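Comments concern the structure below.
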Amino acid sequence: MVMKPDVVYRAYQSIEQNHAKVIYMSPQGTTLNQQMIEKLSKESHLIILCGHYEGMDQRVIDKIVDEEISIGDYVLTGGEIPAMVLMDSVSRYVEGVLKKESICEESFSTGLLEYPQYTRPEVFEGIGVPEVLLSGHHEKIEKWRKDKSMEVTKKKRPDLLES
Ligand code: 4FN
């Protein structure tokens with residue numbers, strides 16, 4: 001079953017905005033990354049289109065779509081979850097969604113993975129928390145976190161360090 005172009009086009013016209021960027025979620029698209037998300041967050045309007053069943057008539061795609069984006073290489077039953085992934089990741093940059101600090105403080109904005117996190121209790125199943133975190137020495141803690149971020153990234157995702 002292929003989604004009909006006239007039906008999709010009418011849905012599009014009913015929400016059309018002058019400066020909306022139209023994105024089609026598709027396995028044929030460019031794979032989504034944080035850089036693309038940050039760029040999209042600067043658009044004034046986004047319209048996210050996605051397929052289900054066997055996809056969509058190509059003519060309506062050619063007529064209205066500005067950019068095709070994929071969230072990765074696996075088979076899905078529909079593009080709704082990819083559309084939600086895009087919404088979630090872009091909305092973090094929208095004013096008022098998060099507190100300002102949490103956007104840039106995040107390790108991913110440095111391009112690195114996050115350092116390990118700990119909370120109470122101080123000892124869990126006989127396992128303690130790294131000593132430095134209990135010291136209250138803020139500069140040492142900061143350095144420990146930076147070093148750990150780098151160490152974890154080198155070990156688990158060396159590809160992130162290439163760019
Ligand atoms: N998927 C592949 C090759 C051929 C088809 C598919 C597939 C949902 C409407 C598209 C999938 C994955 C990431 C949208 C997959 C995405 C979709 C996405 C998606 C039903 C037609 C379909 C080679 C990638 C495995 C089904 C590869 N990001 N077709 O899944 O919409 O956005």
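Atoms within each ligand, like the ligands themselves, are counted from 1 in listed order. Owing to the predicted nature of the structure, the values given are computational and were not obtained by experimental measurement. For the single chain, residues carry numbers from 1 onward in sequence order.
The nearest heavy-atom contact from the protein to atom 11 (C) of ligand 1 is Tyr74 O, 3.6 Å. Counting only heavy atoms of the protein, atom 26 (C) of ligand 1 lies nearest to Leu76 O, 3.3 Å. Protein heavy atom closest to atom 13 (C) of ligand 1, with residue, atom name and distance, is Gly72 O, 3.2 Å. Closest to atom 28 (N) of ligand 1, if we only count protein heavy atoms, is Ile71 N, 3.0 Å. The closest protein non-hydrogen atom to atom 20 (C) of ligand 1 is Tyr53 O, 3.4 Å. The shortest contact between atom 4 (C) of ligand 1 and any protein heavy atom is with Pro27 CG, 4.6 Å.
Within the 4.0 Å heavy-atom shell around ligand 1 one does not find Leu32. For the ligand labelled ligand 1, residue Val85 lies outside the 4.0 Å heavy-atom shell.
A salt bridge between Asp88 and Arg92 is absent, with no side-chain N of the basic residue lying under 4.0 Å from a carboxylate O of the acidic one. Using a cut-off of 4.0 Å between Lys/Arg side-chain N and Asp/Glu carboxylate O, Arg145 and Glu142 are scored as not salt-bridged.
In summary, the atoms of ligand 1 found under 4.0 Å from a heavy atom of Met25, numbered by their order in the structure, are 14 (C), 32 (O). Atom numbering of ligand 1 starts at 1 in the shown order; those under 4.0 Å from a heavy atom of Ile69 are 32 (O). The distance from ligand 1 to the heavy atoms of Gly55 drops below 4.0 Å at these ligand atoms: 9 (C), 21 (C). Close approach of ligand 1 to Gly51 is summarised as follows: ligand atoms under 4.0 Å from at least one heavy atom of the residue are 9 (C). Listed by number with element, the atoms of ligand 1 under 4.0 Å from a non-hydrogen atom of Gly79 are 31 (O).
Nearest heavy-atom pair across Met56 and Val2 is C-CG1, 3.8 Å. Nearest heavy-atom pair across Tyr24 and Gly51 is CE1-N, 3.8 Å.
Contacts with ligand 1 closer than 4.0 Å are made by side-chain heavy atoms of Pro82 only, the backbone lying farther away. Within the 4.0 Å heavy-atom criterion, neither part of Met56 lies near ligand 1.
A donor-acceptor pair under 3.5 Å is formed between the side chain of Asp66 and the backbone N or O of Val22. For the pair Ser149 (side chain) and Glu114 (backbone), a donor-acceptor distance under 3.5 Å is absent.
For ligand 1, the polar-atom distance check against Ser26 finds a nitrogen or oxygen pair separated by under 3.5 Å.
Other residues, nucleotides and ligands place no more than 12 heavy atoms under 6.0 Å from the CD atom of Glu95. The local environment of CD1 in Ile81 is sparse, with at most 12 non-hydrogen atoms from other residues, nucleotides or ligands closer than 6.0 Å.
Partner of Pro5 under the side chain to side chain contact (heavy atoms under 4.5 Å, CB included) criterion, out of Gln58, Arg10, Arg59: Arg59 alone.
Hydrophobic cluster membership differs between Ile23 and Val65, with clusters built from Ile, Leu, Val, Met, Phe, Trp and Tyr side chains linked at under 4.5 angstrom.
Atom 8 (C) of ligand 1 is approached by the protein to below 4.0 angstrom, counting heavy atoms only.
A distance of 6.0 Å separates CD in Glu68 from CD1 in Ile61, rounded to the nearest 0.5 Å.
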